[in-house]
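This report refers to the structure that appears directly beneath it.
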Amino acid sequence: MSVRRRPTLRLVADRAGVSPSTVSRAFTRPELLAPETVERVRAAASELGYVADVYARGLRSGRRGAIGLVVPDIANAFFPPLIRAAQAAAAAHGLTTVIADSDEDPANEPGLVEQLGAQTDGVILVSSRMSADQIVEVGRRRPLVLVNRDISELPHVLIDSAPGMRQALEHLAGLGHRSVAYASGPATSWSNGQRERALRAGAAELGLRLTVLPHRRPSQEAGHAAAAEVLAAGATAVVAFDDALAQGLLVGFADAGVAVPETVSVIGCDDTIADVTAPALTTVHGPTRRAGELAVQLLMDVVGAPAAGDGHRPAVAVVPAHLVVRRSTAELAAGPGA
């Protein structure tokens with residue numbers, strides 16, 4: 001009875017017509033090779049039944065073959081597209097992704113980053129609610145890349161909502177609206193601060209009255225509660241921190257018998273649920289998938305780079321957002337504040 005030998009890296013190299021080191025790179029650093037070379041190596045590996053031994057490779061290299069990803073609320077529709085994109089980008093590097101949810105509580109984040117950091121090669125921290133000083137301190141202890149936190153000491157990816165917020169106000173002003181409310185997100189959210197600043201600046205330039213509503217957790221329930229505040233403020237349009245709040249506003253207005261967009265116009269942010277709202281939501285589209293991909297690229301650069309010397313400036317990637325007009329906004333008609 002013959003025993004089939006386990007295929008080796010050298011056998012894969014011979015089948016693909018490349019060196020063993022090229023086979024290793026095809027599984028560990030595919031971005032260093034031509035795509036056709038990676039495809040040829042992986043096809044040869046599949047034919048032979050070769051599976052890269054991540055555990056053994058980790059023992060030799062000190063790598064763990066995984067990255068960590070911490071988000072504030074995995075149930076928020078903003079985060080799943082980013083997570084999926086990051087997972088796909090990590091898989092292209094031969095890495096798995098370990099995900100943690102901080103439940104919108106900054107007190108949970110340091111422990112989660114430490115736990116994931118001990119199990120992975122580095123961590124991507126998304127929309128952190130911690131203070132800048134806390135984040136910098138955490139980043140000193142392990143490879144860390146941020147998404148939607150603008151901290152110069154650490155590499156980060158920013159979804160720049162400011163252009164989209166300005167476009168939102170210009171759109172509303174063009175429809176005749178003069179009084180606009182902003183349904184705020186969490187007080188500890190960098191994105192919320194950026195969006196509020198952009199709206200305040202744009203409203204001042206366009207001569208609009210802006211009412212900023214109290215901070216709240218981004219959820220449909222919170223948006224539903226905010227609908228009454230919009231009406232009490234006499235606003236004829238509202239821009240929400242995100243689409244979850246916007247969807248709640250739509251339901252709140254419907255329950256109050258207020259027609260959207262005939263009486264009140266609604267704009268969301270992130271563009272994650274427009275296909276399930278009624279009416280279809282006008283929103284600021286944020287390229288969340290691209291942000292996830294870029295965050296993995298930056299983390300790979302950090303993990304693979306030598307220790308940075310004095311004067312080194314961490315990498316920054318910025319992806320701009322833009323307004324997508326659908327059916328939840330319309331020309332100003334008779335209504336509150338008209």
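Counting begins at 1 with the first residue of the sequence.
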Nearest heavy-atom neighbours spanning [X] and [Y]:
| X | Y | answer |
| --- | --- | --- |
| A100 | L112 | CB-CD2, 4.0 Å |
| P214 | E229 | CD-OE1, 3.3 Å |
| P20 | A13 | N-CB, 3.7 Å |
| S184 | F241 | C-CB, 3.8 Å |
| R216 | A222 | NE-O, 3.4 Å |
| S328 | T282 | OG-N, 2.8 Å |

May I ask whether [X] and [Y] are part of the same hydrophobic cluster, defined by side-chain heavy atoms of I, L, V, M, F, W, Y residues being less than 4.5 angstrom apart, directly or through others?
| X | Y | value |
| --- | --- | --- |
| V136 | L298 | no |
| M165 | V324 | no |
| V230 | V239 | no |
| L82 | L294 | yes |
| L245 | V71 | no |

Worksheet item: Could you go step by step and tell me if N108 and D103 meet the side chain to side chain donor-acceptor pair (under 3.5 Å) rule?
Response: CA-CA 8 Å; N108 292 334; D103 194 29; 5.2 Å; no
Taking [X] first and then [Y], would you say they form a salt bridge - that is, a charged N and a carboxylate O separated by under 4.0 Å?
| X | Y | value |
| --- | --- | --- |
| D105 | R217 | no |
| E114 | R141 | yes |
| E170 | R166 | yes |
| E196 | R200 | yes |
| D73 | R129 | no |

Practice prompt. For side-chain contact (heavy atoms from CB on, under 4.5 Å), just list the numbers for L323 and V325, CA-CA rounded to whole Å, side-chain angles, deciding distance to a tenth of an Å, and then say yes or no.
Written response: CA-CA 6 Å; L323 183 69; V325 178; 3.8 Å; yes
Does [X] reach the side chain of [Y], with side-chain heavy atoms less than 4.5 Å apart?
| X | Y | result |
| --- | --- | --- |
| D270 | T283 | no |
| S265 | T236 | no |
| I99 | F79 | no |
| L210 | V212 | yes |
| M300 | D121 | no |
| P218 | P186 | yes |
| L299 | V296 | no |
| H215 | N192 | yes |

Kindly compute the distance separating [atom1] ([X]) from [atom2] ([Y]), expressed to the nearest 0.5 Å.
| X | Y | atom1 | atom2 | result |
| --- | --- | --- | --- | --- |
| I67 | T120 | CD1 | OG1 | 8.0 Å |
| H156 | L125 | NE2 | CG | 13.0 Å |
| D101 | N76 | CG | CG | 10.0 Å |
| T288 | I83 | OG1 | CD1 | 10.5 Å |
| R326 | T277 | CZ | OG1 | 7.5 Å |
| D243 | I273 | CG | CD1 | 5.0 Å |

Worksheet item: Can you pull the ring-ring contact (aromatic ring centres under 6.0 Å, His included) pairs that have at least one residue in residues 258-286, sequence neighbours excluded?
Response: H285-H322
Item to complete: Apply the side chain to side chain contact (heavy atoms under 4.5 Å, CB included) test between V70 and each candidate in L144, L116, V147; give the one that qualifies.
Response: L116
Discussion item. Tell me whether E39 at atom CD has more than 12 heavy atoms from other residues, nucleotides or ligands lying less than 6.0 Å away.
Written reply: no
Fill in: Derivation and outcome, side-chain contact (heavy atoms from CB on, under 4.5 Å), residues W190 and I151
CA-CA 10 Å; W190 173 85; I151 298 176; over 6 Å; no
Worksheet item: Looking at Y182, is R195 sitting on its ring face, NZ or CZ under 6.0 Å from the six-membered ring centre and within 45 degrees of the normal?
Response: no
Ignoring hydrogens and angles, tell me if any N or O in the side chain of [X] forms a donor-acceptor pair with the backbone of [Y] under 3.5 Å.
| X | Y | result |
| --- | --- | --- |
| H177 | A330 | yes |
| R142 | G117 | yes |
| R149 | M130 | yes |
| H224 | L249 | no |

Item to complete: Show your reasoning for whether side-chain contact (heavy atoms from CB on, under 4.5 Å) applies to Q134 and E137.
Response: CA-CA 5 Å; Q134 287 177 299; E137 180 60 29; 5.7 Å; no
Practice prompt. Walk me through it: do L281 and Q247 pass the test side-chain contact (heavy atoms from CB on, under 4.5 Å)?
Written response: CA-CA 8 Å; L281 185 64; Q247 187 173 36; over 6 Å; no
